[in-house]
Novice: 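I'd like to ask you about the structure that follows.
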Amino acid sequence: MILLIDAGNTRVKWRLTAADAPLQAIEEGALAHDAIGSLASLRARYPALSRAVGCNVAGAAIAAHLDQTLAGIGIEWLRPGANCCGVRNHYEQPARLGADRWAALIGARQLHRQACLVVTAGTATTIDLLSADGEFLGGLILPGVDLMQHALAHGTAQLPLAEGRFTLQPRRTVDAIHSGCLLAQAGAVERMFRQIASQPQAKCLLGGGAADSFAGLLDIPLQRVDNLVLIGLGAIAAAGEIHPQ
């Protein structure tokens, strides 16, 4: 059995799969960073668990905590490279691409073989272009919805951090902040999608914890997909193309 791990800035998402069917989940979940130790119970419940493949953007301390929790298995941490599972990385320095973005692009390739925009909306929002030939052409990183709202509250003297509602014509400050942050996300996604909009069957694959907050504002072909990173890690594990750190 294989444990797939997506260590993000806020949470750690995981999926348990069979070695001969790594794209199918036996069990999965998400944990806050302070609850990582609970993963140790998987070893007791699944004695056949012998391998772990993960990506980490949460820093060295989280990686160390996960390695300690799963001591004896040895996590194979993904490092982006130039090619993997039919995706070619055109970053100027391929190894500098975030491991989560790389895994998500590979996950997207498993689901859609035409041009697509791969969007993950979490603490940060990433918006990446993938061609029909599997070429990663480049992408954006911007603050996520909550981070945008917090930046306004902490970086200005009189703008509050409060619960607002979305409206196209905001007439309260809290609504103006909330609506502005959502439209900023949607606008960035739609502007990037223009680059592939004319290509056959082009679509946006959208995932992440904040995806639903602005998905309804998008006027482009859209597919909501959760756990693209884990899908990608499963494909990488199956192909034996992991380049461990």
Novice: With hydrophobic residues grouped by side-chain heavy-atom distances under 4.5 Å, do Leu137 and Ile141 end up in a single group?
Specialist: no

Novice: For the atom pair CD1 (Ile231) and CD1 (Ile236), what is the distance rounded to the nearest 0.5 Å?
Specialist: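 The CD1 atom of Ile236 is 12.0 Å from CD1 of Ile231, to the nearest 0.5 Å.
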
Novice: Could you tell me whether the side chain of Leu111 reaches within less than 4.5 Å of the side chain of Leu228, counting heavy atoms only?
Specialist: yes

Novice: Tell me whether Arg113 contacts the main-chain N or O of Arg109 through its side chain, where contact means a donor paired with an acceptor under 3.5 Å.
Specialist: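 A pair under 3.5 Å: yes.
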
Novice: For Arg96, I'd like to know if atom CZ has over 12 heavy atoms of other residues, nucleotides or ligands within 6.0 Å.
Specialist: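 Result for CZ/Arg96: open.
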
Novice: Taking the side chain as everything from C-beta on, heavy atoms only, tell me whether Leu3 gets closer than 4.5 Å to Trp14.
Specialist: yes

Novice: Compare all side-chain heavy atoms of Tyr46 with those of Met1 and state whether any distance is below 4.5 angstrom.
Specialist: yes

Novice: Does a salt bridge link Asp6 with Arg15, judged by any charged N lying under 4.0 Å from a carboxylate O?
Specialist: no

Novice: Leu78, Tyr91: one ILVMFWY side-chain cluster at the under-4.5 Å cut-off?
Specialist: yes

Novice: Answer whether the closest heavy-atom distance between the side chains of Ile2 and Leu49 falls below 4.5 Å.
Specialist: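 When only atoms from C-beta onward are counted, Leu49 and Ile2 do not touch, as no gap falls below 4.5 Å.
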
Novice: In terms of hydrophobic clusters joined by side-chain contacts under 4.5 Å, are Leu222 and Val225 together?
Specialist: no

Novice: With a 4.5 Å heavy-atom cut-off, do Asn9 and Val57 have their side chains touching?
Specialist: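 Yes, their side chains come closer than 4.5 Å.
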
Novice: Compare every heavy atom of Ile196 with every heavy atom of Leu117, then report the nearest pair and how far apart it is.
Specialist: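 Looks like N-CD1, 3.7 Å.
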
Novice: Can you tell me how far CG of Leu42 sits from OG1 of Thr69, rounded to the nearest 0.5 angstrom?
Specialist: 10.5 Å

Novice: Do Leu23 and Thr17 have side chains that get closer than 4.5 Å, going by heavy atoms?
Specialist: no

Novice: Regarding Glu27 and Arg45, does a basic nitrogen lie under 4.0 Å from an acidic carboxylate oxygen?
Specialist: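 Yes, Glu27 and Arg45 are salt-bridged.
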
Novice: Check this for me, if you would: do Arg51 and Glu76 make a salt bridge, where the nitrogen-to-carboxylate-oxygen distance has to be below 4.0 angstrom?
Specialist: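 Looking at Arg51 and Glu76, the cut-off is met.
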
Novice: Answer yes or no: are there more than 12 heavy-atom neighbours, outside Arg43 itself, under 6.0 Å from its atom CZ?
Specialist: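 Enclosed: over 12 neighbouring heavy atoms sit under 6.0 Å from CZ of Arg43.
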
Novice: Going by atom types only, do Thr167 and Ser179 share a side-chain donor-acceptor pair under 3.5 Å?
Specialist: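 The answer is no; no qualifying pair exists.
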
Novice: Just verifying a value: how many Å separate Leu233 CG and Ile106 CD1, rounded to the nearest 0.5 Å?
Specialist: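 It comes to 8.5 Å.
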
Novice: Flag yes if more than 12 heavy atoms outside Gln68 fall under 6.0 Å of its CD atom; otherwise flag no.
Specialist: no

Novice: Quick one: closest heavy-atom pair of Ala99 and Cys55, and the distance?
Specialist: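 Looks like CB-CB, 3.7 Å.
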
Novice: For the residue pair Phe193 and Ile127, establish whether any side-chain heavy-atom pair is separated by less than 4.5 Å.
Specialist: no

Novice: Can you check side chain to side chain contact (heavy atoms under 4.5 Å, CB included) on Val53 and Trp77, steps first, answer last?
Specialist: CA-CA 6 Å; Val53 175; Trp77 292 111; over 6 Å; no

Novice: Check whether the side chains of Glu135 and His90 place a donor and an acceptor atom closer than 3.5 Å, and report yes or no.
Specialist: yes

Novice: Looking at CD1 of Ile62 and CG of Asp67, how far apart are the two atoms once the value is rounded to the nearest 0.5 Å?
Specialist: 11.5 Å

Novice: Starting at CG of Asn83, measure out to CZ of Phe136 and round the result to the nearest 0.5 Å.
Specialist: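 Rounded to the nearest 0.5 Å, the CG-CZ separation comes to 13.5 Å.
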
Novice: Can you tell if the side chain of Cys84 reaches within under 4.5 Å of the side chain of Trp102, non-hydrogen atoms only?
Specialist: yes

Novice: Should we count CZ of Arg172 as having more than 12 external heavy atoms under 6.0 Å?
Specialist: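 Yes, the 6.0 Å shell around CZ holds more than 12 heavy atoms from other groups.
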
